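Quick notes on the structure that follows.
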Amino acid sequence: MAIKSFLTAALVAPAAVFGAAIPPTEAGTSSINIVGGEAASAGDFPFIVSLQVSGSHFCGGSLLNANTVVTAGHCGVAYAASRVTVRAGSLNRNSGGTVVSVSSIKTYSGFNSNTLDGDVSILKLATSIPTSSTISYATLAASGSDPASGTTLTVAGWGTTTEGGSSLPTALRKVSVPVVARDTCASQYKAIDQSYTITTNMFCAGLAAGGKDSCQGDSGGPIVDSSKTLVGLVSWGEGCAEPNAPGVYTRVGSSVIRSFITSNS
């Protein structure tokens, strides 16, 4: 199992579950992209943010209102709030937009760091981020909603092009992938490792042949439907873009996930 954040090895535990972690890289060292994707354009994801420590990106997130960001639980537990900043309103993770500090982080009480069930955290911002020509707030999937098998969704982030990659792109990338039926995904992952579990708080998206996926550095970032509704958060997968191992996403429409997000926004 590989989480899709860009963390130092010391922060990722247990190693036997999460696999090898990737150390942060210096800004702007590579132009590689989200696997099989393309450059995102202004307006594609006006709510996406880069979560950073000391200026280095480690996860994505989505702005829900002027003071709130939603991200993956394993991103939320990675660092103390006092160390984290958020850049919003820019396609470039290193420049432009607005940068603010984080005042607090709350992770869902049901988050399981072994299975990554309930993989969601809420960040409260120290300074409000208003809407602008480049910034808007995400619309959440309705409680109880579940992306239908075969539906095309689009995921975005500043993640690596391959599993084990050591550097991140500067510009935001995106890729479209079809939803995989939960039973099918569960069977695929059991064939890889019997310990893998796909819960109802998760959904899967990817090609059977592989080649398109989110990857390390994309964790916590948005996956949206054709109306740009936030239906999921990048969570984990067996490597990146491997055949019969679709990306696994936190399901925003799960009643417990949606309730946690709403009650803490």
Side-chain angles (χ1 to χ4, degrees), residues 3-5 34 40 44-51 59-77 86 88 105-113 115-125 136-157 159 174-182 185-186 197-206 213-214 218-237 246-265:
I3 57 172
K4 295 187 175 181
S5 57
I34 195 168
D44 284 347
F45 293 86
F47 45 81
I48 196 170
V49 300
S50 168
L51 306 187
C59 278
S62 294
L63 196 61
L64 298 183
N65 56 47
N67 302 294
T68 310
V69 167
V70 62
T71 189
H74 69 268
C75 297
V77 300
V86 168
I105 300 174
K106 185 172 183 178
T107 300
Y108 173 51
S109 61
F111 172 55
N112 185 316
S113 61
T115 64
L116 293 182
D117 188 35
D119 193 14
V120 59
S121 288
I122 292 290
L123 282 61
K124 285 297 183 179
L125 306 179
S136 64
Y137 307 141
T139 298
L140 295 172
S143 182
S145 63
D146 199 4
S149 174
T151 303
T152 297
L153 305 177
T154 304
V155 58
K174 65 179 181 179
V175 67
S176 293
V177 285
V179 175
V180 177
R182 189 171 287 107
C185 183
T197 301
I198 305 299
T199 74
T200 56
N201 292 323
M202 307 172 185
F203 70 86
C204 306
D213 198 4
S214 49
D218 292 324
S219 271
I223 185 166
V224 302
D225 65 15
S226 59
S227 66
K228 295 187 180 179
T229 297
L230 182 66
V231 297
L233 315 174
V234 179
S235 183
W236 64 278
V248 184
Y249 299 84
T250 302
R251 178 186 155 213
V252 169
S254 160
S255 59
V256 294
I257 299 298
R258 184 67 161 78
S259 177
F260 168 78
I261 295 172
T262 302
S263 62
N264 288 285
S265 296

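Just so you know, these numbers come straight off a predicted model, no measurement behind them. Numbers here simply count residues along the sequence, with the first being 1.
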Does the Ser265 side chain pair with the main chain of Ile261, one donor and one acceptor, at a distance under 3.5 Å? yes

Using the ring centroid of each side chain, check whether Tyr249 and Phe203 are separated by less than 6.0 Å. yes

Hey, mind stepping through Leu233 and Val252 against side-chain contact (heavy atoms from CB on, under 4.5 Å) and telling me if it holds? CA-CA 7 Å; Leu233 315 174; Val252 169; 4.2 Å; yes

Could you give the distance from [atom1] ([X]) to [atom2] ([Y]), rounded to the nearest 0.5 Å?
X      : Y      : atom1 : atom2 : value
Leu123 : Leu64  : CG    : CG    : 10.0 Å
Asn67  : Leu125 : CG    : CG    : 6.0 Å
Asp218 : Cys75  : CG    : SG    : 10.0 Å
Thr115 : Ile198 : OG1   : CD1   : 9.5 Å
Ile34  : Asp213 : CD1   : CG    : 8.0 Å
Leu153 : Ser176 : CG    : OG    : 8.5 Å

For residues Val70 and Val120, determine if any side-chain heavy atom of one lies less than 4.5 Å from a side-chain heavy atom of the other. yes

For [X] and [Y], which heavy atoms make the closest approach, and how far apart are they?
X      : Y      : value
Lys106 : Phe260 : O-CZ, 3.4 Å
Gly61  : Val69  : CA-CG1, 4.1 Å
Gly206 : Pro246 : N-CB, 3.9 Å
Cys59  : Thr71  : CB-OG1, 4.4 Å
Gly150 : Pro178 : O-CB, 4.3 Å

Result for side-chain hydrogen bond (donor to acceptor under 3.5 Å, both in side chains) between Asp117 and one of Asn201, Asn112, Thr197 points to Asn201

Hey, mind stepping through Val86 and Leu51 against side-chain contact (heavy atoms from CB on, under 4.5 Å) and telling me if it holds? CA-CA 5 Å; Val86 168; Leu51 306 187; 3.6 Å; yes

Using the side-chain contact (heavy atoms from CB on, under 4.5 Å) rule, pick out the option among Ile257, Asp119, Ile122, Thr250 that qualifies with Tyr108. Ile257

Side-chain H-bond candidate by donor/acceptor type, Thr68 with Lys124, under 3.5 Å: yes

Would you give me the side-chain donor-acceptor pairs under 3.5 Å for residues 138-146, sequence neighbours excluded?
from	atom 1	to	atom 2	distance (Å)
Ser145	OG	Ala142	O	2.6
Asp146	OD1	Arg182	NH2	2.9
Asp146	OD1	Arg251	NE	3.4
Asp146	OD2	Arg182	NH1	2.9
Asp146	OD2	Arg182	NH2	3.2

Under the criterion side-chain contact (heavy atoms from CB on, under 4.5 Å), I'd like the reasoning laid out for His74 against Ser219: C-alpha separation, chi angles, the key distance, then a yes or no. CA-CA 8 Å; His74 69 268; Ser219 271; 2.7 Å; yes

